[in-house]
Each structure stands twice: as structure tokens, then as C-alpha cells.
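Letters A, B, ... are given to chains in the order of the sequence lines, protein chains preceding strands, and every chain is numbered from 1.
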Amino acid sequence: MATFAQIPSSLSFSTKPLTKSSLFLIPKRPTLLSFHPIKSGITTSTSTVSPSLDQKLEVNVATHEAKLEVPKRFNDPRWVKGTWDLDQFVKNGRTDWDAVIDAEARRRKWLEEYPEATDTDQMVFFDTSIIPWWAWIKRFHLPEAERLNGRAAMIGFFMTYFVDSLTGVGIVDQTSNFFCKTLLFISVFGVLFVRNNEDIENLKKIIQETTYYDKQWQATWQDDSSPDSKK
Amino acid sequence: MASLTSTTAAAVARPARRRSLAVRASATSVKLAGRPLRVAVVGGGPAGGAAAETLAKGGVETILIERKMDNCKPCGGAIPLCMVEEFSLPLDLIDRRVTKMKMISPSNVAVDIGRTLGPDEYIGMVRREVLDAYLRSRAEAAGAEVVNGLFLKFDAPQEPNGPYRIHYNHYDGAKGERGERRTIEVDAVVGADGANSRVAKEMGAGDYEYAIAFQERVRIPEEKMEYYRERAEMYVGDDVSPDFYGWVFPKCDHVAVGTGTVTHKADIKKFQAATRLRARDKIEGGKIIRVEAHPIPEHPRPKRVSDRVTLVGDAAGYVTKCSGEGIYFAAKSGRMCAEAIVEGSANGTRLIDESDLRKYLEKFDKMYWPTYKVLDVLQKVFYRSNAAREAFVEMCADEYVQKMTFDSYLYKRVVPGNPLDDIRLAVNTIGSLVRASALTREMKKITL
């Protein structure tokens, strides 16, 4: 049958009503719905298939579906009873916090891709604050700080050079000048807040967001002005 | 009316200034000869019931028009303690007392909140049909006329002090389904007809953004129901909702499993499936007995009062962000509106005007604006992304946070704590957010 390859997916669509009345639930991937248009084409050909073959196909489809749909639960030998077993992260006699961070990142990634049912018998209670502050700083803050300081230094050096070449004011005299101090302030905060290209847009959006709700509440007091209903 | 134009001009100015003008306006309003003030309350939910009761008690002739007397509203059904006290609700209205809430993060980190609750503190779970019917019966006992009818439209008054003509379909068992078209004349209209308010449409109140809340009521086996006897659950995560949360709330003999969203309404079924998956082991073997959905306003309508027509409750858009709480604010706004009408009309003897209704708006906004703003900020900060939600759940484990959360929810007040505790809380919050976003950056580098 030319259409044989397509039958399993469309038949699996027809098994959907069975799962609605009970709560035995396998999350349906949205991709299955894209086979919907095929179903109407297929029903005419399946009506010629004998009932027993139909049932066999359905059973095959159900197991095939079961294999497709249920991903493995998150599994890691170091994940014990709802938290990370820190004894298993020991390296050179000390806890390897970097490995804990990596493991937790992987666990969260896994659960984001394949959400799981919560387990009443074993609650997850891992708290990221058990990883000490210096481990976070060493891993995340220091490289970023290096990057930003590097940018600030480059900007500072070239701005000093240009101001000097334009006005003849040397670096020591620049530090006591109000205009130069303003430039310094702007460049430091610019480097801190605008780290990626998207940040400029994000900052504008955040500023708009902070006052948007207030405006919605004040709208009734602005009698004649038309309401801004776009978000 | 000169007083009306002066108040309109002042409406653009800050409310504080207008207060003095408003007092003058009501003193010069028309005295009604031989009859009390007539007000129509459209909608018989918590807002309408509370408004009608206060109006009737204040000597105003009230008619409450409700479309469906046994309406089983799709609703979380949670009421704070202060509502039980302020509205003198009998304790048998409350089906369940929730004393434990479980917050579950995207990676299934579960935190129990409720450790700080006293023995008499709880979140009351009610059935809306029971609560609404009770409030309506109280309104009727106070002297309001409760009518089963569907509001159609109203005609604006022909002259400045003229009446509004309300057109509605009166349902009386004898006439069958279609109902009989009737008209009444009233001096003011209070729109308490919910998120799809017709009164709001008639008065040109404008639209609001709304969330769709989708809920399935599931009857689960007894032994599983035991887990939910006093416990409600809140699931956060991108799979469950991109800007809200999924919930499992216990009701009288079943649980309500639901979720909501503003920005991705078309995917609501997907979110519902994800919520069911997260709670799967706890609701397995249950039977879905009802599926319901309803819009929930996200912010107030641009115009909440127009001449002598005003809105209260969901019709006005008084639902908080972050938690989506609306019942208490509906009832309170209904009551405050009615109080303003009673006061402005000197117990029903004078005609009111827009300034009296604006007094109610001013009072409500002033009293609850901090609550709404704080919840808005919380939603913007903590429902932003999975990282923020993880930080949110982590913060909920802190006892100070739990105490502040429950205090502000149950009593609608914020008791300023020790400033050192606040600083510690701020530091911990920032720490949680920074850690969670650092982990997210690591997550981006991983391919499974």
C-alpha cells in the first residue's frame, strides 16, 4: 500500500479519544496534529481493511506510540532522593562545586525538554544556595567582570586620548574636570548595562514596562485621552 | 450641570485636588421628591450581591438583575480570611480550609508554604454557586429586588437629571426560555456583570487584556483526595504556562486542575496537558467531570465610570496579577461603590452624579493600589522565564517570605517587618535570581 507508511500516525490520531475520558495521559506532541489532514484521506482506504487487521494495527500503533511518547525519567547516579549527593562530587578531597553546577544545569535542561510528573514519595528539595558564593563568583562573575573591565579600559584609554588631542588637557587634569567625569560616568554605566546588542531594546522595554501598569490604572482619570491598549 | 463640567476639568488633575470639588458637587445635587434613589445592579456575583446589599441597607431602591441563578462559575474559589470577617460569611460556606500550599518549580523542586500559618488561619475554598447565592439572598433580605433576567442595553438619559432606561429579558419559569422583554427606569447603573460585561460595552468603557483560565474538575479516588485535603498546589514553568501558573485546587469532593495564559491563548490545551502531566501520579485514575474556561481581566478598563454608570468587580478589571485573585476585590469594590452611592445620595434622598462614583474609584484605587502594584512587580520579575521561576520557588522556602505572603494575602495588609530582615530578603532574592540565570546560561551550552 502506498499509503501504508502514513497509516500509523493517522491511526494514532484516532486513538486519541480513548485517552480523553481517563487520566492515563501521555503528552501528545504537537507534531501528531500535523498529520490530521491525512486522516480524512486514509479513512476511505482503512474502511476496506478487515477489522482484525485494524485492531492489530492499532495495538502496534499504541506500543509504537508508547515508545515514541514516554521519554526516560531523569536519571543520574549522583541524584539521590531529590537532591545531589555531594559525597559523590568529591575531587582531590574537596567538593567539586563546578561539577555540581554542571550537573544541576543538565538536570534543569532535561526537565525543561521533558517535563516530568512530580513524585509524591520523593520530593525534590535541592536548593542552589548550598553551592557557596565564591564558587558562583569564580565561575560566572569573574569571566564577565574581566570582559567588562577590558571594555571599560579600552573605552577609557581612547576617550582620554581623544579629549587630550582635542583640548590638550592631560589625563591628570581630566580627572578633575566635570565634563570628563560625566563622560566617565556614562561609559561605566554604559558598559555595565549594555553588554549585548539586544540590551538596548531590552532596557527600553523594561522602562516602558515599569510604568505601563500604572498607566492602565490611571486611564479612568484621563477622561478625554484615548486609552493605549497595545502592549 | 456646572458642577459636572468643573469636576470633568478637574478629572485630568490629580485626584487629591478633586476631592474638595466633589464634596461641593454632592451638596448641590438635586433632591429627589417623594421617592428614593433607584439603582440597578447588573450581575449577581460577589460584586453585585455585595453592592445590592449595601445599597438596600442604605435606603436606596435596588434591583439586582442576574442572568443565571444557579451559575456554576469556573473559578479557583479561594477567598482570604479578611473576606470572611468583613462580609460576615458563615463558616459553613467554606468547603475546605487550605493550610498548605505547594509551589513546584519547572524542575520539580517542591516547596511547602504554610508553616507560618496560625491554627486559625487558612485560605477558604468555596463553591461560587454557593457563595453567590448566599450574597444574593442577603441582598434580598436587606430589601433589594432580585430579578432573574438578562441585561440587554440601556438608554442614556434624555436630560441631565433624567433616568436611565434599562432593557432586559425577564426570565420567569412560566414564559419559557426566551423570556419577556421589560424596561425599567433607574437613576444609576452599577455594572457587576463580570469579564464579558455588557454594561461596560454599553458605556464605552474600553477593552482590557485578559487571560484565559482553563480548568478541568476531576474526581479522584478517596486515597488520592486525602493528599489534597488541606493542600493546594501551584505549578510554574514554561510547559505549564508562559506567563501564569498551573494549579490543583481542592474543592468539596473533587479537585480543579487548571492553567491560564495571556499571551499564548491558542496553546491552552497544551498547557493543560502539561499541568496534568506534572500532577499525573496524584490525579491518576480520576474522572473529568467538567471542563470550563473563562476570561480573566489583567488590568482595569480604561474608563470605569461614565456619568451615572459605573463598573465593579471583574467588569471593572479588578483582578490582581501574579495570583489572579478576584473574588475579594469584586465584593469589596461592590461594597465601596454602594457606600459611595449611599453617601452621595444622603441615604437615597438625593440624586447622585459622576463625582460621587469617582469618590468610590478614588477610595478603591488608593486603598488597593499598593497591593496591585506589588503583585504586578512580582509577576514581571518572577514569571519572566524558567530561571526566574526557579528563583521564585527557592525564595518561597524562606520563612520571612512565607509570613509576608500570607499576611498580605489573608489580611490585605503589609505589616512592615524588621528592616534588617527586608535587607536580608532583598539580598537573598538577588542571589537566587543571579544563581538561576547563571544556571540558565550553562543550560544553553548543553545539548542533551
Side-chain angles (χ1 to χ4, degrees), chain A residues 20-28 30 74 82-83 101-102 104-121 123-129 131 133 136 139-141 144 206 209-210 212-231, chain B residues 8 11-12 15 104 106-111 206-209 218 227 237-240 270 273-274 276-288 299-305 321 361 365 369 372-373 376 380 386 390 394 397 428 431-432 434-436 438-443 446 448:
Chain A
K20 264 206 173 103
S21 51
S22 69
L23 274 167
F24 164 61
L25 199 63
I26 303 167
K28 288 268 175 272
F74 174 72
T83 189
I101 291 176
D102 284 327
E104 177 63 11
R106 192 173 166 277
R107 184 186 78 89
R108 289 190 181 186
K109 179 84 181 178
W110 180 279
L111 284 169
E112 199 173 77
E113 295 284 308
Y114 309 115
E116 256 175 35
T118 47
D119 195 346
T120 30
D121 298 321
M123 282 199 348
V124 174
F125 59 94
F126 175 71
D127 188 327
T128 53
S129 55
I131 302 172
W133 60 274
W136 294 97
R139 174 128 174 201
F140 295 106
H141 179 73
E144 184 75 6
I206 287 179
E209 253 183 34
T210 44
Y212 189 64
Y213 194 55
D214 308 49
K215 288 204 198 97
Q216 289 171 332
W217 272 80
Q218 296 297 323
T220 202
W221 303 105
Q222 279 23 288
D223 262 327
D224 301 290
S225 51
S226 51
D228 169 28
S229 55
K230 283 206 195 68
K231 199 161 197 174
Chain B
T8 321
V12 185
I104 297 162
S107 66
N108 283 344
V109 177
V111 165
D207 279 323
Y208 45 35
E209 273 136 26
V218 182
Y227 175 80
D238 270 332
D239 55 328
V240 161
K270 191 168 76 134
R276 281 206 303 264
L277 168 66
R278 296 262 228 123
R280 185 188 63 198
D281 291 338
K282 288 170 278 199
I283 55 177
E284 197 153 12
K287 210 162 72 92
I288 299 179
H299 63 84
R301 289 191 196 262
K303 208 163 161 203
R304 286 177 271 155
V305 68
K321 294 228 168 161
L361 286 184
D365 284 5
W369 167 243
Y372 281 94
K373 184 63 183 171
D376 177 55
K380 287 206 173 81
N386 268 353
E390 295 279 354
E394 222 173 75
N428 283 346
S432 273
V434 165
R435 287 195 298 265
L439 275 171
T440 305
R441 270 180 281 150
E442 274 310 303
M443 278 160 68
I446 298 177
L448 286 169

Quiz item: When heavy-atom pairs shorter than 4.5 Å are enumerated against chain B, which of A:Ile206, A:Leu111, A:Asp119 gives the highest number?
Solution: A:Leu111
Self-check item: Residue among A:Met123, A:Glu209, A:Glu113 with most heavy-atom pairs under 4.5 Å to chain B
Solution: A:Glu209
[Y] backbone acceptor or donor facing [X] side chain under 3.5 Å:
X	Y	value
B:Glu394	A:Thr128	yes
B:Arg304	A:Trp217	yes
A:Thr118	B:Ala279	no

Heavy-atom distances under 4.5 Å only: say whether [X] touches chain A with side chain, backbone, both or neither.
X	result
B:Tyr208	neither
B:Leu439	both
B:Asn108	both
B:Pro300	both

Practice problem: Show the numbers, then the answer: is there a side chain to side chain contact (heavy atoms under 4.5 Å, CB included) between A:Asp214 and B:Lys373? | Solution: CA-CA 8 Å; A:Asp214 308 49; B:Lys373 184 63 183 171; 2.8 Å; yes
Non-hydrogen atoms of chain B under 4.5 Å away: do they reach the side chain of [X], the backbone, both or neither?
X	result
A:Glu116	both
A:Arg107	side chain
A:Thr210	backbone

For the [atom1] atom of [X] and the [atom2] atom of [Y], what is their distance to the nearest 0.5 Å?
X	Y	atom1	atom2	value
B:Asp365	A:Trp221	CG	CH2	6.0 Å
B:Met443	A:Asp102	CE	CG	13.0 Å
B:Arg435	A:Glu104	CZ	CD	11.0 Å
B:Glu442	A:Arg139	CD	CZ	4.0 Å
A:Tyr212	B:His299	OH	NE2	5.5 Å

Practice problem: Would you mind telling me which of B:Asp376, B:Ile104, B:Asp238 has the largest number of heavy-atom pairs within less than 4.5 Å of chain A? | Solution: B:Asp376
Practice problem: Assess whether atom CH2 of B:Trp369 is packed by more than 12 heavy atoms of other residues, nucleotides or ligands within 6.0 Å. | Solution: yes
Quiz item: How close do A:Ala117 and B:Asp281 get, heavy atom to heavy atom, and via which atoms?
Solution: CB-OD2, 4.2 Å
Quiz item: Can you list the steps and then say if A:Arg108 with B:Glu390 is a salt bridge (charged side-chain N to carboxylate O under 4.0 Å, His left out)?
Solution: CA-CA 10 Å; A:Arg108 289 190 181 186; B:Glu390 295 279 354; 3.7 Å; yes
Self-check item: A:Thr120 side chain reached by B:Tyr227 side chain, heavy atoms, under 4.5 Å
Solution: yes
